[in-house]
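Here's the structure we're looking at; comments come further down.
Naming convention: chains lettered A, B, ... in sequence-line order (proteins, then strands); numbering from 1 in each chain.
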Amino acid sequence: MEKKLMVLDGNSIASRAFYALPLLTTDEGLYTNAVYGFTTMLLRMLDEEKPTHLLVAFDAGKVTFRTEEYKDYKGKRLKTPGELSAQFPLLKELLNAFNIKHYELNGYEADDIIGTISAQAEANGFTTLIVSGDKDMLQLVSDKTRVALTRKGISEVELYSPAEVEAKYGLTPAQIIDLKGLMGDASDNIPGIPGVGEKTALKLLHEFKTVENVLDHVSEIKGKKLQEKIAAHADDARMSKELATILRDAPIEVTLEETVYQPYNQEKVVSVLERFAFKSLLERLGLNSAEANGAPVQAQEEIDFVTITEENREAWADKLTSPMAVMVEVDAENYHGAPIHGISLADGTVRLYVPFDQAGWPALIKWMADPEQKKWVYDAKRSQVALAWKNIQLEGICFDVLLASYLSNPSETNHRLCDVAERYGMKLASDDAVYGKGAKRSIPEASILGPHIARKAETIYRLRDKMDAALKEEGLDELFYDLELPLATVLGDMETHGVRVDRQRLDEMGVELTEKLERLTKQIHELAGTEFNINSPKQLGEILFDKLQLPVIKKTKTGYSTSADVLEKLESAHEIVPLILEFRQLGKLQSTYIEGLKKEIREETGKIHTSFNQAVTATGRLSSTEPNLQNIPIRLEEGRKIREAFVPSEPGWFIMAADYSQIELRILAHISQDENLIDAFRRDMDIHTRTAMDVFGVDEDEVTSLMRRQAKAVNFGIVYGISDYGLSQNLNITRKKAAEFIERYFSVFQGVKRYMDNIIAEAKKNGYVTTMLKRRRYLPDINSRNFNLRSFAERTAMNTPIQGTAADIIKLAMVNMAQRIEEEKLASRMLLQVHDELIFEVPEHELETMGKLVSEVMENALPLDVPLKVDVNYGKSWYEAK
DNA sequence: CATTTCACG
DNA sequence: ACGTACGTGAAATGT
């Protein structure tokens, strides 16, 4: 069998990981980010490369033969931070657990160990892969040895064979040291020739091949200054080349045989990974507890429960009390019309499991529908809606583990009951473990299913007090009990009612689109001179940029970018481009909105029943899935027509749409207390025009459409957490110009500037920001030393209180609106929420009442120091409600 | 299963 | 110097 050696540069990868990742700590206070990053890289490379031999090389101490030769070698390098150096022993411990050979040698660097072992490997017929973050390694590349360099921190690697080195630098691997000799290396304090950077060095080497040859032919070099510099620093160049040269014959004591990669002891690995709290790695390795090994599921406690049958149920009827935890086990991810396996109940003493065929139990039906009987659940809305499809009413929900977990940390994406339980120190088998996942998913036998569902109710019961206390601790209890929990019911009703969609209208539009798309496809293929898949960015890129030789504007990591903003810049470069843009636009309508929506119309109701997810966004907004009804086209007329298909579900009714005008900027005015912005809204001015007047210092009638457009972009930028780069991209202007706009904006809106500074300071101090209703978002990266992570966290700190307060306000309006509709016995129904607008269906005789009621409720949901403004429109379809 | 693109606020 | 605008979800392609 082919022998394949993989050598990792331990110091290089660990330190790259350290700077790329946030500073993770375990409960014991161990820093682990470098170890974590190193391990993910290691596992990925093992997976991709499947080496037979494996070695990790480390530097040993500061003194090496290079420092003897040149005392300033690595002289200017910053001292390794303690948080990083503390991680090397941990890393070695982890490597030992994995049975991976690691090695260091006094007086030598990791580079030299790698150079030497790879030379031995070549001599013994191995192929070798070196993994490092250090470009110097490229000198070791050969037919048998490749180098993988980390990119973007450690998230990607770039593989180099001789061909790639040639392609990138136009040099052979051996010339890499000549390159270093000429240009030096600031990070290692290798001098090179002052004033010679990569560009000049490459030019010289393309002509003269080596440092020595350059020095021998100084007189032939173009440029007098350059000649002088090279002549003056000839010795530096020679020494630099020597310093950059990696040894291939260091006196290493490690042998190739010792690097054989052998299977590791799972227990040891599990114990190390657990100590470092690398849960995701345990999962990735399939070592996550006993689940993966087919052993009985975790050390989860057995509980006693009674399975309800026709015969025994009467005896349990009076055990249905209040409060009680209820688990409604819904089979599918999409709960509309989904099968229900069963319902379990727990109140600390009584534990029941009701298989769904016993769900008709009259005592249970009555208890479930009684709002006085308090229920604690996991995912209130799912339970309510799934039962509603079976004509079973569920009322009286007063705790929801899912929503509580979400409010405690809205950035967390995983709120599975088993994971929440674990965070609170309890064990519960995951659904994946019980049902299997993907293709292997199936319903287990009753002896497994019943206990699992029973345990869920028990878990909810035990979680409730702890989570309730946690919510109070964080000041989230009011938001939870007074807003999110009542909202779940409101949303559940909206989803259950659904929205009528006119299938025929969609069909008609579909036919029209198909014809247009066929015509476009033909024209595009003709202009391209060949048939290809226009939907494939790869094939399209080849046509546009290789075949037609259009200029490349932007690249993605896999090839040419063909996104709309790129194509728009090329619109006049070739007549094919506008056709592609049109094809894209119409194709999107056809696949996502015509075909996609038709698939979602339910047989049973003739309506679309979306699901609003109340526990996904980090800001507090809702999201909508299967289908997403929060992104139905509106900006372009062709797409907007889709809205013609959204119609009332009762004959003669209307669709009413009510949207907040500029809610985010109004919130900004309130929380920043910026006098200028408050004034603008109190006068009810066009805010973008007003911004243009102030920023450009002109009168209202002098504001051009360009000025207004630019002011609008600045306002957007302010809400998003401004950066000159982002604004420059959006407006297609230089970064300098963008920075100027921002500066002028802040000089006029000084209160906004003060807010932005304060909120960042607050985030740095507390580690989180809050909305007006105390919704919280943690920003763990706000004090990161990594510029990107920190900047992102800062923009988030600026944006989240604004976007999140807007979410708070419309949620309040929804709960109040549902209450008013009920109190006033109106027939109108709330159908949808699209972040800053609410959509209703309204009988004709309620149009006036509803128009007034909706604006009153929305405008007064949360009083601010500026008025909230709501526009209300109605029509025979969503399209006409504009 | 990741990547790219594009629809919305 | 660093390289992004904030928040989502779905479809199509290609590994």
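Using a 4.0 Å heavy-atom distance criterion, A:G717 is classed as a base contact. Residue contacts shown for A:A793 are absent, as no nucleic acid heavy atom lies under 4.0 Å away. Here A:Q729 lies out of heavy-atom contact (under 4.0 Å) with every strand. Residue A:A564 is in sugar-phosphate contact alone, with no base atom involved, counting any heavy-atom pair closer than 4.0 Å across all strands shown. Nucleic acid contact class of A:S723 (heavy atoms, under 4.0 Å, all strands): base. Nucleic acid contact for A:V719: none, since no nucleic acid atom lies under 4.0 Å from a heavy atom of the residue. Within 4.0 Å of A:R584, counting heavy atoms only, lie sugar-phosphate atoms of the nucleic acid but no base atom. Residue contacts shown for A:A618 are limited to sugar-phosphate atoms, with no base heavy atom under 4.0 Å away. Here A:E626 lies in heavy-atom contact (under 4.0 Å) with sugar-phosphate atoms only. Note on A:N786: nothing from the nucleic acid sits closer than 4.0 angstrom, heavy atoms only. Across all strands, A:N631 comes closer than 4.0 Å to base atoms (heavy-atom distances). Note on A:T562: only backbone sugar-phosphate atoms sit closer than 4.0 angstrom, heavy atoms only; bases stay farther off. Residue A:I632 is classed as a sugar-phosphate contact, given heavy-atom separations below 4.0 Å to backbone atoms only. If you check every strand for non-hydrogen atoms under 4.0 Å, A:R777 touches sugar and phosphate atoms only.
Closest to the side chain of A:Q585, out of B:dG9, C:dA12, B:dA7, is B:dA7. In the set B:dG9, C:dA5, B:dC6, the nucleotide with an atom closest to the side chain of A:S563 is B:dC6. Of the listed nucleotides (C:dA5, C:dG3, C:dT13), C:dA5 has the atom at the smallest distance from the side chain of A:Y720. Across B:dT3, C:dA5, C:dG9, the shortest atom-to-atom separation from the side chain of A:T625 is found for C:dG9. Nearest nucleotide to the side chain of A:H835, out of C:dG3, C:dG7, B:dA7: C:dG7. Nearest to the side-chain atoms of A:K557 among the listed nucleotides B:dT3, B:dT5, C:dT4 stands B:dT3. Of the listed nucleotides (B:dA7, C:dG14, C:dA5), C:dA5 has the atom at the smallest distance from the side chain of A:A713. Considering only the side chain of A:Q803, C:dG7 comes nearest among C:dA5, C:dG7, C:dT13. For A:V834, counting side-chain heavy atoms from C-beta on, the closest listed nucleotide (C:dC6, C:dG9, B:dG9) is B:dG9.
Dashed line: the shortest gap from a side-chain N or O of A:T558 to OP1 or OP2 of B:dT4 is under 4.0 Å. The side chain of A:T592 contributes no N or O atom lying less than 4.0 Å from OP1 or OP2 of B:dC6. Note on A:Q539: a side-chain N or O is less than 4.0 Å away from OP1 or OP2 of C:dG14. Put simply, A:T556 has a side-chain N or O that comes within less than 4.0 Å of OP1 or OP2 on B:dT4. Under 4.0 angstrom from either OP1 or OP2 of C:dG7 there lies no side-chain N or O belonging to A:R621. Considering only side-chain N and O atoms, A:R635 lies nowhere under 4.0 angstrom from the phosphate OP1 or OP2 of B:dA7. In this structure, A:T619 does not reach the C:dT8 phosphate: none of its side-chain N or O atoms is under 4.0 Å from OP1 or OP2.
Contact of the A:V834 side chain with the A:I632 side chain is not registered, since no non-hydrogen atoms from C-beta on lie closer than 4.5 Å. Considering only heavy atoms from C-beta on, A:T625 stays 4.5 Å or farther from A:V616 through its side chain. Under the 4.5 Å side-chain criterion, counting only non-hydrogen atoms from C-beta, A:F716 is not in contact with A:N730.
Put simply, CG on A:N732 is 14 Å from C1' on C:dA5, counting in whole angstrom units. Counting to the nearest Å, the C1' atom of C:dG3 and the CG atom of A:L789 are 12 Å from each other. The distance between atom CG of A:D781 and atom P of C:dT4, rounded to the nearest whole Å, is 15 Å. In this structure, CG of A:D808 is placed 14 Å from C1' of C:dG7, rounded to the nearest angstrom. Distance A:E595 CD to C:dA12 C1': 14 Å, rounded to the nearest Å. Whole-Å rounding puts the A:R44 CZ to B:dA2 P distance at 12 Å. Nucleotide C:dA11 holds its C1' atom 13 Å from the CG atom of A:L589, rounded to whole Å. Following rounding to the nearest Å, A:R790 (CZ) and C:dC2 (C1') show an atom-to-atom distance of 10 Å.
Only the C1' atoms considered, C:dG3 is 26 Å distant from B:dA7, to the nearest whole Å. Rounded to whole Å, the P atom of C:dT4 lies 14 Å from the corresponding atom of B:dT3.
Remark: B:dC8 base-pairs with C:dG7; criterion is Watson-Crick or G-U wobble with both hydrogen-bond distances under 3.5 Å.
Between A:Y725 and C:dT4, a base-stacking contact is recorded: ring centres under 5.5 Å apart, planes less than 30° from parallel.
Each of A:S624 and A:F787 has a nearest nucleotide on DNA chain C; the 5'-most of these lies closest to A:F787. Each of A:N535 and A:K588 has a nearest nucleotide on DNA chain C; the 5'-most of these lies closest to A:K588.
Counting only distance, with no hydrogens or angles, the side chain of A:K554 and the backbone of A:D565 share no donor-acceptor pair below 3.5 Å.
Between the CE atom of A:M858 and the CG atom of A:L812 there is a distance of 11.5 Å, given to the nearest 0.5 Å. Atom-to-atom distance recorded for A:L506:CG and A:R503:CZ is 8.0 Å, nearest 0.5 angstrom.
A side-chain donor-acceptor contact under 3.5 Å links A:T514 and A:Q590. Side-chain contact annotation: A:E484 with A:Y406, donor-acceptor N/O pair under 3.5 Å absent.
Between the side chain of A:R795 and the base of C:dG7 there is no donor-acceptor pair of N/O atoms closer than 3.5 Å.
Classification of A:D507 and A:K598 as a salt-bridged pair holds, one side-chain N sitting under 4.0 Å from a carboxylate O.
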